[in-house]
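Scroll down for the structure; my scribbles are underneath it.
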There are 2 protein chains.
Amino acid sequence: MGNKEEILSIATRLFATRGYDVVGIQEIVDQAGISKPTMYHYFGSKNGLLTAIMENNFRRLLLELSPATVYSGDLPATLTSIVKAYFRFAVRNPEFYRLHLAFWFSPPSSDGFIAAKEWWEKQQQLLEMVFMLAANNHGNMKNRHRIYAATFLGTINTFVAFFLNGYAELDDNACHSLVRQFSHGIYS
Amino acid sequence: MGNKEEILSIATRLFATRGYDVVGIQEIVDQAGISKPTMYHYFGSKNGLLTAIMENNFRRLLLELSPATVYSGDLPATLTSIVKAYFRFAVRNPEFYRLHLAFWFSPPSSDGFIAAKEWWEKQQQLLEMVFMLAANNHGNMKNRHRIYAATFLGTINTFVAFFLNGYAELDDNACHSLVRQFSHGIYS
DNA sequence: TGTATATTATACCGATCAGTATATTTTGTC
DNA sequence: GACAAAATATACTGATCGGTATAATATACA
């Protein structure tokens, strides 16, 4: 692993476990066994490092998510494949997932929010498309694709947060439970 | 308004809009028109100020939430009154709500997470109780009260975040929509 | 009025922050 | 091997951080 990847990996872990604002560049380069100018050579600034982390990880997430969002006419099946894609990614990249979750509700003026914003919008677009297409089959869903996409992602992230804190597993059971709860309710 | 309340109010706004870690004590006392020792006299430390903000606001939230969580046998009605309590509180205290949401997914070792943790647990307990009692009427809900309480609050917070970002209103319509989506699903 | 206590200000502390000027080493290319 | 460019280190900057030592002022009560 080259220095660049090493810096990305260590910074992701430190930012996720302690917070972007409280972790200094010095601590990152110390743990990476390099010096500050090396980091600034690769990423230009602390914010540039954060941007690179977002880009690196979100690109892979969207790559795995895209095929799962193809709507085939069976909404529960599509939602299930989406949830599975998110779960798999979260399990494989728990540190990054925790980091971007921390930015989700952070102040819109903060570095983290700004760095993640464009990537959330891409996720939102993918999910909205699913609910928009599904609205053709389910009349009562019309004009609600935005709120459905947002709350669906919100529910997914709530489950993932449960997992990241050690309270639950992200297995097929949880996936089924989530889709069932979201799409059919807790009574049926 | 005395200096103490002035500090609390200004700190809440600054922490919420710019982030706890990036806002310095100096900026708070400047905007409050006082000096640093005054703030340290009242709150002891920056963390003490944060603790006071959490205590102040969460106490009021729980006070308004408690009566709404009394389960009368009608789960949708109870959930509706809970959502209304949250919505009303969020509308009246948007800055604090944004602040505590920012801490929700922040690193467990961060000051914000630690300051808010005990209060989330109290909310969680109130909500779990509702789903536990409801499980008597709905057999398939047994042993799921924890995940239901967590995802219910997650859905509420997702809606509130939508509101805080200017994308939706927290009116009766949204409340009904949330409860319906959570408890009956998006098809029926 | 005297006195203790609660408030507040001035001026400072050491530590750490993000970032950089300069120089050196490594690496790839001809 | 010559040379350009990429990569890295030492040592530093000014600014800001949370927090405080000391002292002055306002308030409340005897």
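First the proteins, then the strands, lettered A, B, ... as listed; each starts at 1. Given the structure is predicted, the values throughout are model-derived calculations rather than measurements.
Here dA15(C) presents its C1' atom at 17 Å from CD1 of I25(A), a figure rounded to the nearest Å. A straight line from CG of D21(A) to C1' of dT16(C) spans 15 Å, rounded to a whole angstrom. Spacing between atom CG of D30(A) and atom C1' of dC17(C) amounts to 14 Å, rounded to whole angstrom units. Residue I34(A) contributes atom CD1, which lies 19 Å from atom P of dT25(C) at whole-angstrom precision. In this structure, the CD1 atom of I28(B) is 16 Å from the P atom of dT16(D), given to the nearest Å.
Residue V23(B) is in sugar-phosphate contact alone, with no base atom involved, counting any heavy-atom pair closer than 4.0 Å across all strands shown.
Residues from residues 35-57 of chain A with heavy atoms under 4.0 angstrom of DNA chain C, sorted by number: K36(A), P37(A), Y40(A), S45(A), K46(A).
For Q26(A) and G33(B), each mapped to the nucleotide of DNA chain C holding its nearest heavy atom, the one lying further toward the 5' end belongs to G33(B).
For E169(A), the CD atom counts as loosely surrounded, since its 6.0 Å shell holds 12 or fewer non-hydrogen atoms of other residues, nucleotides or ligands.
N3(B) has no side-chain polar atom (N or O) that falls below the 4.0 Å cut-off from OP1 or OP2 of dT7(C).
Between atom CE of residue M132(B) and atom CZ of residue R146(B) there is a gap of 12.0 Å, rounded to the nearest 0.5 Å.
Of the options F103(A), W119(A), F15(A), F58(A), a ring pair (Phe, Tyr, Trp, His ring centres under 6.0 Å) to F96(A) is made by F58(A) and by none of the others.
Relative ring orientation between Y97(A) and Y86(A) is described as perpendicular, the plane-to-plane angle rising above 60° on a 0-90° scale split at 30° and 60°.
Taking 4.0 Å as the cut-off between side-chain N and carboxylate O, E64(A) and R60(A) do not count as a salt-bridged pair.
Under the 4.5 Å side-chain contact rule for hydrophobic residues, W120(A) and I114(A) do not share a cluster.
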